[in-house]
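Start at 1 and go down the list; that is how both ligands and their atoms are numbered.
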Amino acid sequence: MAPKPCFIANWKMNKGIAEAERYVKDFIKRYAETSLAPSRVIIAPPFTALQAVSKQVKCGDFEIALGAQNVHYEPHGAFTGEISAGMLCESGCQYVIIGHSERRTLFGESDEVVRQKLFAVRKAGMLPILCIGETFEDRRAGKTWDRLQAQLSAALTDDLMKMGLAENVAEWVIAYEPVWAIGTGETPKPGEVEEIHQQIQAFIRKHVGKGIPATLYGGSVSEQNILEFMEMPNIDGVLVGGASLSSETFFKLIELGVSEKQ
Ligand code: PGA
C-alpha cells in the first residue's frame with residue numbers, strides 16, 4: 001500500500017521562536033479550514049524553536065510531526081555545541097533529518113558519521129529522515145546510483161538490522177536530494193527521480209526487508225514543479241527548503257501534492 005503523501009519543511013537556519021510560532025499558528029489555521037486528505041506533515045525548525053513548535057503542533061488532532069535538522073550520535077558528554085537524540089525526544093521530536101548534503105559538505109559529515117547518527121536516532125525511538133544525493137560530478141560521470149548505493153549501504157548496516165533497529169523501516173523517510181538541485185532552481189526530470197526511487201526501494205527491500213519507507217524528492221521544489229513530481233507513483237512526497245519558509249507557500253505545496261495523489 002502506498003504511504004500517505006509526506007511533506008517536510010526544512011527551515012534550515014531560519015526563524016527564531018516568535019517567527020516560528022507565528023508560522024505554525026497560521027499553518028494550523030489553514031489546515032483547520034481546509035479538508036485535506038490524510039497526509040504526513042513534518043516541520044523541522046532550528047533547535048531553539050523546537051519546543052515552541054512542539055507545543056503548537058500538539059493542539060488539535062492534526063497530523064503535524066516535529067523533526068530536528070541534526071543530532072549528535074553520542075548520548076551525552078563533552079561535545080560543546082552538540083545536541084543528543086535524548087534531548088530531541090524530550091523536546092517533542094519524532095523525526096530527525098540525517099545526512100543532509102549541507103551537513104555532509106559544509107560540516108564534513110562522512111557516511112560513517114551518518115551511520116552513527118542513524119543508530120542514535122533509532123535507539124532513542126525516533127524516526128530518521130535519511131537524505132542521500134549525488135553531486136553534479138557524480139551525475140556527469142554517470143555515477144549517480146553508485147553514489148546513492150554507497151550512501152545507503154554505509155547507513156543501513158547489518159548490525160542495525162541485528163539489533164532490531166530497522167523493524168519499523170516502513171515508518172522512516174528516505175529523501176533523495178541531488179546536491180546540485182538544492183537551492184539552485186534546477187531539478188532532475190521527474191522520470192529520472194521516479195527511476196531512482198524505484199532503485200532505492202528495491203535496495204531497501206533486498207537489504208532491510210520489513211517494508212518500504214516513504215521515498216521523497218528534495219531540491220528546488222516549488223509550486224511550479226510539485227505536480228510533475230507528485231504524479232510519479234514512487235515519489236511519496238517532498239522535502240522542501242526555501243519554499244517551506246512561507247506557511248502560505250508550504251501549505252499550497254501540500255494542497256497541490258495531496259490533490260495529485262488522490
Ligand atoms: P531547497 O532545499 O528546497 O531550498 O532546494 C531542499 C533541502 O535542502 O532539503
Hey, what polar pairs (N/O, under 3.5 Å) does ligand 1 make with protein?
from, atom 1, to, atom 2, distance (Å)
ligand 1, 2 (O), Lys12, NZ, 3.3
ligand 1, 3 (O), Gly241, N, 2.9
ligand 1, 4 (O), Gly242, N, 2.8
ligand 1, 5 (O), Gly183, N, 2.7
ligand 1, 5 (O), Ser220, N, 2.7
ligand 1, 8 (O), Lys12, NZ, 2.7
ligand 1, 8 (O), His100, NE2, 2.7
ligand 1, 9 (O), His100, NE2, 3.2
ligand 1, 9 (O), Glu177, OE1, 3.2
ligand 1, 9 (O), Glu177, OE2, 2.7

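Side-chain contact between Leu118 and Thr157 is absent, with no heavy atoms from C-beta onward closer than 4.5 Å.
Side chain of Glu134 to main chain of Pro178: no donor-acceptor pair is present (N/O by atom type, distance under 3.5 Å, no hydrogens or angles).
A salt bridge between Glu19 and Arg22 is absent, with no side-chain N of the basic residue lying under 4.0 Å from a carboxylate O of the acidic one.
Phe27 has its ring centre less than 6.0 Å from the ring centre of Phe251. For Trp172 and Tyr95, the ring centers sit 6.0 Å or farther from each other.
Judged as a salt bridge (charged side-chain N to carboxylate O under 4.0 Å, His left out), the pairs with a partner in residues 87-107 (not counting sequence neighbours) are, in order, Lys12-Glu102, Arg103-Glu109, Arg104-Asp111.
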